[in-house]
Amino acid sequence: MSNVLNHAEMHSDHRQWASEDALWEDDVHLWQGELDQTAAEMKKIEAALAEHRRSLESHAEAVRDFREEEDRHEHSLAEYERGESGEDLVVMAQKHNAEAEKQRQRRKTHERIKRHHHTMIAHWRLLCKAICKEM
């Protein structure tokens, strides 16, 4: 028995290989198009990240503003407890229920931002691992 293929078998192999090569070329062409689209979408991702940063900064500023207002209220309470006038305490007491509702809303907002941020970062890390992994 000989290990040498006959001409018909070689032609069959060559046709099969040519078919596979054509399919692979189509695959690579499709993948290149997808990669080009992905590169174009990077601008959208950069814009979304910039907007997310602005949202975080705005949220942090709102938290700081509330803390300052809360500190002023605490200061007025302390003045009143020391026997001082605490003149703005009455107005603050009247607004307390509204402030409590604002705090509930801020809590909801914070939780929404937190969920969005954690989801985004988790997906980002998975994406980075997948992209940076060697083929």
Side-chain angles (χ1 to χ4, degrees):
M1 270 281 179
S2 171
N3 286 337
V4 177
L5 297 176
N6 65 38
H7 291 187
E9 291 170 327
M10 285 190 290
H11 278 301
S12 177
D13 283 347
H14 292 166
R15 281 192 302 273
Q16 175 65 34
W17 298 342
S19 176
E20 287 177 338
D21 288 346
L23 178 63
W24 296 341
E25 285 175 339
D26 289 345
D27 283 345
V28 170
H29 180 72
L30 176 67
W31 298 338
Q32 288 170 328
E34 290 172 338
L35 191 58
D36 290 344
Q37 182 180 355
T38 300
E41 290 169 343
M42 288 298 294
K43 288 182 171 84
K44 289 180 184 178
I45 291 171
E46 289 173 352
L49 290 174
E51 178 58 32
H52 185 65
R53 179 171 297 284
R54 283 189 295 275
S55 293
L56 291 179
E57 289 168 353
S58 176
H59 182 57
E61 184 177 334
V63 170
R64 281 189 303 273
D65 290 348
F66 177 73
R67 290 291 302 154
E68 289 172 5
E69 181 63 29
E70 189 177 295
D71 289 346
R72 284 191 291 276
H73 191 174
E74 284 297 314
H75 182 73
S76 291
L77 279 170
E79 283 180 349
Y80 179 77
E81 289 171 352
R82 287 192 305 264
E84 298 174 24
S85 71
E87 57 195 49
D88 55 347
L89 191 59
V90 174
V91 174
M92 288 182 178
Q94 292 170 343
K95 294 180 180 180
H96 188 79
N97 286 339
E99 289 299 315
E101 179 57 31
K102 285 182 184 178
Q103 179 65 12
R104 281 190 286 280
Q105 292 303 318
R106 282 190 292 271
R107 188 179 301 119
K108 284 182 180 180
T109 298
H110 183 82
E111 288 303 314
R112 180 181 47 78
I113 292 169
K114 182 179 184 177
R115 278 191 308 277
H116 175 75
H117 180 80
H118 285 255
T119 299
M120 184 186 75
I121 294 300
H123 284 99
W124 179 256
R125 288 184 178 144
L126 287 172
L127 178 62
C128 286
K129 281 183 183 179
I131 288 174
C132 296
K133 188 176 186 176
E134 288 188 38
M135 289 194 279

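Side chains included, hydrogens not; waters and symmetry mates left out as well; all remaining heavy atoms used. The chain is numbered in sequence order, starting from 1.
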Notebook entry, point to check: Hey, what's the ring geometry for H14 with H11, parallel, tilted or perpendicular (30° and 60° as the breaks)?
Noted result: perpendicular
Notebook entry, point to check: From L56 CG over to R54 CZ, what is the distance, rounded to the nearest 0.5 angstrom?
Noted result: 11.0 Å
Margin query: If you define the side chain from C-beta out and look only at heavy atoms, does anything of H73 sit under 4.5 Å from H96?
Written below: yes
Check: Once you round to the nearest 0.5 Å, how far does CZ of R112 lie from NE2 of H59?
Finding: 9.0 Å
Note to self: Nearest 0.5 Å, please: how far is CG in L127 from SG in C132?
What the structure shows: 8.5 Å
Item checked: Validation row: L49, M120 side chains within 4.5 angstrom (heavy atoms) -> yes
Check: What closest approach, in Å, do E84 and R82 show between heavy atoms, and which atom pair accounts for it?
Finding: OE2-NE, 3.1 Å
Notebook entry, point to check: Side-chain contact, heavy-atom cut-off 4.5 Å: E69 with M92?
Noted result: yes
Checklist line | Inter-residue atom distance T119.OG1 - W124.CH2, 0.5 Å rounding | finding: 15.5 Å
Next item on the list: Would you sort out whether Q105 and E101 count as a side-chain hydrogen bond (donor to acceptor under 3.5 Å, both in side chains), showing the intermediate values?
Entry: CA-CA 6 Å; Q105 292 303 318; E101 179 57 31; 3.0 Å; yes
Checklist line | T38 side-chain N/O to E34 backbone N/O, donor-acceptor pair under 3.5 Å | finding: yes
Next item on the list: In plain terms, say whether E111 and K108 are close enough for a salt bridge, that is, a side-chain N and a carboxylate O under 4.0 Å apart.
Entry: no
Next item on the list: Please report the C-alpha distance between S55 and E51 in whole Å, then the side-chain angles of each, then the deciding distance to 0.1 Å, and finally whether the side chain to side chain contact (heavy atoms under 4.5 Å, CB included) criterion is met.
Entry: CA-CA 6 Å; S55 293; E51 178 58 32; 3.6 Å; yes
Next item on the list: Step through the shown structure and confirm whether more than 12 heavy atoms of other residues, nucleotides or ligands are within 6.0 Å of CZ on R67.
Entry: no
Next item on the list: May I ask you to decide if the ring planes of H117 and H52 are parallel, tilted or perpendicular, using 30° and 60° as cut-offs?
Entry: parallel
Item checked: Spacing of D21 atom CG and W17 atom CH2 [to the nearest 0.5 Å] -> 10.0 Å
Notebook entry, point to check: Could you walk me through whether H110 and R106 pass the side chain to side chain contact (heavy atoms under 4.5 Å, CB included) check?
Noted result: CA-CA 6 Å; H110 183 82; R106 282 190 292 271; over 6 Å; no
Next item on the list: Classify the side-chain pair Q37/E41 by whether it contains a donor and acceptor separated by less than 3.5 Å.
Entry: yes
Check: If Ile, Leu, Val, Met, Phe, Trp and Tyr residues are connected whenever their side-chain heavy atoms lie under 4.5 Å apart, and connections chain through other members, are L126 and I131 in the same group?
Finding: no
Check: Under 4.5 Å between side-chain heavy atoms, hopping through other hydrophobics if needed: is there a path connecting L77 to Y80?
Finding: yes
Checklist line | side-chain contact (heavy atoms from CB on, under 4.5 Å) partner of R72, the single match among E74, E70, E68 | finding: E68
Next item on the list: Report the C-alpha distance between E79 and H75 in whole Å, list the side-chain angles of each, state the deciding distance to 0.1 Å, and finish with yes or no for side-chain hydrogen bond (donor to acceptor under 3.5 Å, both in side chains).
Entry: CA-CA 6 Å; E79 283 180 349; H75 182 73; 3.0 Å; yes
Note to self: Could you go through E46 and K43, starting from their C-alpha distance and side-chain angles, then the distance that decides it, and tell me whether this counts as salt bridge (Lys or Arg N to Asp or Glu O under 4.0 Å)?
What the structure shows: CA-CA 5 Å; E46 289 173 352; K43 288 182 171 84; over 6 Å; no
Next item on the list: May I ask you to test the K129-R125 pair for a side-chain heavy-atom distance under 4.5 Å?
Entry: no
Check: What is the distance from atom CG of L30 to atom CD of Q32, rounded to the nearest 0.5 Å?
Finding: 9.5 Å
